[in-house]
**Q** 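This is the structure I have questions about; it appears just below.
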Amino acid sequence: MEKYVTVSGDQWDMVSFLLFGTEQYTGDLMQANMEYMDIVVFPAGIALNVPDIDTESSGLPSWREEIDGESDGDEFYEESGEEL
């Protein structure tokens with residue numbers, strides 16, 4: 001498992017954004033580092049475990065990814081007459 005060493009002032013969501021490009025994985029990062037759950041703002045030098053996360057996934061359930069993959073997602077607007 002990879003490690004990330006904190007710099008003074010790091011926060012969970014900031015680290016998630018730095019590592020994965022989004023705050024979406026903050027919970028996963030916290031789960032991999034339960035011993036630091038009481039820290040909100042990190043001091044420098046704490047080695048956090050970086051969980052293996054598939055950042056290629058959209059975060060949608062597989063059935064929704066299949067549906068969205070079959071269309072461009074604009075059918076609702078086209079059928080309802082609303083402008084995009």
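In this chain, residues are counted from 1 in sequence order.
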**Q** Please tell me whether Phe17 and Val5 are part of a single hydrophobic cluster in this structure, the criterion being side-chain heavy atoms less than 4.5 Å apart.
**A** no

**Q** State whether the number of non-hydrogen atoms from other residues, nucleotides or ligands found under 6.0 Å of Glu2 atom CD is greater than 12.
**A** no

**Q** Do Ile46 and Tyr25 sit in the same hydrophobic cluster, where Ile, Leu, Val, Met, Phe, Trp and Tyr count as joined when their side-chain heavy atoms come under 4.5 Å apart?
**A** yes

**Q** Hydrophobic cluster membership, with links at side-chain heavy-atom distances under 4.5 Å among I/L/V/M/F/W/Y: are Leu29 and Met14 in one?
**A** no

**Q** Assigning hydrophobic clusters by single linkage (Ile, Leu, Val, Met, Phe, Trp, Tyr; side-chain heavy-atom cutoff under 4.5 Å), is Val15 placed with Met34?
**A** yes

**Q** Using 0.5 Å steps for rounding, measure from the CG atom of Asp28 to the CG atom of Asn33.
**A** 11.0 Å

**Q** Tell me which donor-acceptor pairs under 3.5 Å the side chains of residues 36-45 have, and how far apart each pair is, sequence neighbours excluded?
**A**
none

**Q** Not counting sequence neighbours, list each pair that qualifies as a side chain to side chain donor-acceptor pair (under 3.5 Å) and has a residue in residues 3-12.
**A** Lys3-Asn49, Tyr4-Asp10

**Q** Measure the OG1-CD distance between Thr26 and Gln31 for me, rounded to the nearest 0.5 Å.
**A** 12.0 Å

